[in-house]
Amino acid sequence: MEGNLDPEKCAMSIEAPARRPSTAQLKGRAAIATLLLLLYWYRGFFVAKPPSSPIDWQPCFEDPSFLCGYLEVPTDYGNPSAGTSTLALSKYSATCPESERLGIIITNFGGPGVPGRQASFLSAARIQNFTGNRHDIISFDQRGLGRSTPKVNCFGSTLKYQMFKTNTVFETTFSVPKDPFSAAGRAVLIEQQKEALALEETQGAMCAETIGAEALGFMSTTTTIYDMEEISRLLEGEDALINFWGGSYGTIVGAYLGNMLPHKAGKILIDGVVLGDMWSNEHYESQALLRLLLTDSEKTYQLYLSECFKAGPEHCALSAAGDESPKHIEKRIDDFVDKLQLQPMRVTNYSRPGYLTSGGVRSTFFNTLQMPEMWKIYSQMLASAINDSDAASLMRMIAPRYRDPSPAPEHDGYVETGQGELLRLAISCGDARQYVDGDTWPTAEGIVDDILVTLESFPRFGATVHLMEQHGGCQFWPGTGVGPTRFTGPFNKTLATPTLIVSNTHDPITPYAAGKIVLETMGDSARLLLQGAAGHSYLTPTTACATKVIQSYFADGVIPEDRETWCEREVDNYFIGVDESSTNPSLLAQSLGMDYHSF
Ligand SMILES: *[C@@H]1O[C@H](CO)[C@@H](O)[C@H](O)[C@H]1NC(C)=O
Ligand SMILES: *[C@@H]1O[C@H](CO)[C@@H](O)[C@H](O)[C@H]1NC(C)=O
Ligand SMILES: *[C@@H]1O[C@H](CO)[C@@H](O)[C@H](O)[C@H]1NC(C)=O
Ligand SMILES: *[C@@H]1O[C@H](CO)[C@@H](O)[C@H](O)[C@H]1NC(C)=O
């Protein structure tokens with residue numbers, strides 16, 4: 001397809017945010033449309049009332065430059081008598097003139113468990129911009145999430161679920177003894193894993209009682225793909241190709257979309273790759289997927305230390321005047337973690353007084369590595385804990401403030417349930433290989449032995465990520481075995497449009513090795529865009545070089561000729577190169593680690 005994009009015109013419409021017509025204008029248009037309808041009823045019908053409006057779009061109260069609405073979908077696409085579920089959607093309309101509009105791009109912001117509608121207010125404008133402004137960006141809450149129904153609210157309120165997790169291994173993550181491979185060290189890990197299994201069993205039972213297996217069984221990624229097909233069918237027509245942008249877990253959605261509906265694969269961008277094949281075909285407890293995902297974790301940590309050292313104390317509070325190499329910084333941090341392992345530190349002046357553990361430092365550090373815009377801020381937070389025994393700001397990253405159990409319903413009466421981790425399980429247990437009769441369930445001892453293998457390669461974060469992002473425990477999950485036949489591949493279908501894979505060289509949780517595997521598997525149906533950048537998926541700024549490739553892919557339909565495109569890193573030092581005034585740590589942290597954990 002030849003590009004007819006007029007960048008200047010489109011850029012101008014970006015500059016002018018007041019692009020949504022007023023109600024009066026809309027009423028005027030409706031009147032004109034009625035006239036047209038009388039004159040040319042057939043043509044007028046489609047101009048005035050596209051078949052694509054089963055959704056009553058209204059300006060969103062959070063941000064009126066978006067439109068929000070609901071769509072009723074069959075709960076079970078294979079059984080119309082099973083009733084309906086409701087999806088909450090948002091739309092950020094194309095900013096290019098209508099004549100240049102190219103349909104929609106459906107998004108997924110990962111987790112699983114990040115509500116798409118809410119995340120779109122932070123990210124859709126950026127996606128709109130780097131995809132060339134020619135598509136409506138459509139985001140939606142997957143079933144179970146946010147404003148969609150049914151809702152995963154197993155505990156009744158945010159506060160009740162927070163209380164369930166507080167100071168447990170779910171919140172602190174593993175505290176790893178100095179020698180985990182010794183008998184005593186292993187025993188310490190087993191103790192914590194037993195606690196995790198009990199928590200998993202309890203929350204599974206809670207969900208069975210309050211939500212029920214029937215509802216929980218229809219929240220898998222397979223169901224999400226059917227929902228996306230329905231959205232595309234209703235908005236763009238029966239045969240429209242489905243365009244998609246997905247980050248992190250969203251790359252699983254992208255892989256399922258392409259391989260479940262290869263004939264409908266439109267422009268699909270997957271950024272920060274998790275392997276669909278391992279996701280659906282390996283038991284999570286084997287840690288095989290996790291080990292692959294951690295490939296670049298230590299390398300990214302070393303980059304953090306080396307850039308901290310180069311930036312010096314002025315920009316990185318963890319470095320000190322007399323440091324001769326990054327090793328000095330590394331040692332200070334290691335010593336602090338070891339000290340906490342022996343004796344956790346008190347935290348008094350946070351809304352939730354408590355204590356900081358070694359696991360707390362590891363998990364907050366790991367989250368930070370995914371977001372280079374947080375690198376400098378985090379160095380101050382950790383330095384305060386190390387130098388001044390003040391861990392209040394670190395606590396903010398670990399434990400969200402307790403919230404009132406029944407906040408005043410705002411606008412549409414929606415009350416956040418704060419149980420993103422449970423929704424994560426509804427999706428990942430719906431997708432995962434199941435334990436069947438005759439399988440032995442994993443024991444704490446067995447799981448820890450697998451963790452120890454992971455720790456051999458990744459001593460710093462190997463045991464931490466396992467609990468930072470609740471996965472596994474599907475043997476306790478009530479939805480298991482209910483719902484549509486889960487998709488298990490193959491993941492090498494020939495797609496109507498090749499997929500664009502984006503990976504970063506220093507992503508601690510989705511390494512470019514995973515991007516390469518998808519590239520190999522998909523053959524000519526994929527291209528890889530590799531950035532020499534630090535950070536995870538959309539939590540890191542996209543290089544201008546990559547933006548160019550992405551823009552011509554979406555706006556002009558240009559598939560890169562080369563199988564791999566390399567984009568050089570553009571930030572000199574992440575402690576200095578980031579414009580702090582544009583950094584909003586609470587927004588960044590909200591999109592990871594604080595309110596909901598996401599890949
Ligand atoms: C859109 O992208 C261009 C570069 O492609 C950038 O200069 C501009 O600031 C971006 N606008 C917004 C609103 O993000
Ligand atoms: C922390 O202590 C080191 C030396 O012990 C010092 O160089 C550094 O400036 C201190 N950082 C902060 C943020 O106080
Ligand atoms: C917490 O208390 C310490 C002293 O123990 C103080 O230096 C620090 O400023 C306090 N932090 C916050 C966020 O209030
Ligand atoms: C696709 O993958 C399956 C196994 O997942 C394999 O048997 C088959 O040969 C592959 N097809 C192609 C064209 O590579």
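Side chains included, hydrogens not; waters and symmetry mates left out as well; all remaining heavy atoms used. Start at 1 and go down the list; that is how both ligands and their atoms are numbered.
For atom 13 (C) of ligand 4, the nearest protein heavy atom (residue, atom name, distance) is N492 ND2, 4.4 Å.
The aromatic rings of Y301 and F365 sit perpendicular to each other, their planes meeting at more than 60°, with 30° as the lower class boundary. Ring geometry, W279 versus Y249: the interplanar angle falls from 30° to 60°, so the pair is classed tilted.
A salt bridge links E230 to R233: at least one charged side-chain nitrogen sits closer than 4.0 Å to a carboxylate oxygen. By the 4.0 Å N-to-carboxylate-O rule, R143 lies too far from E72 to be salt-bridged with it.
Protein heavy atoms are absent from the 4.0 Å sphere centred on atom 9 (O) of ligand 4. There is no protein heavy atom closer than 4.0 angstrom to atom 4 (C) of ligand 4.
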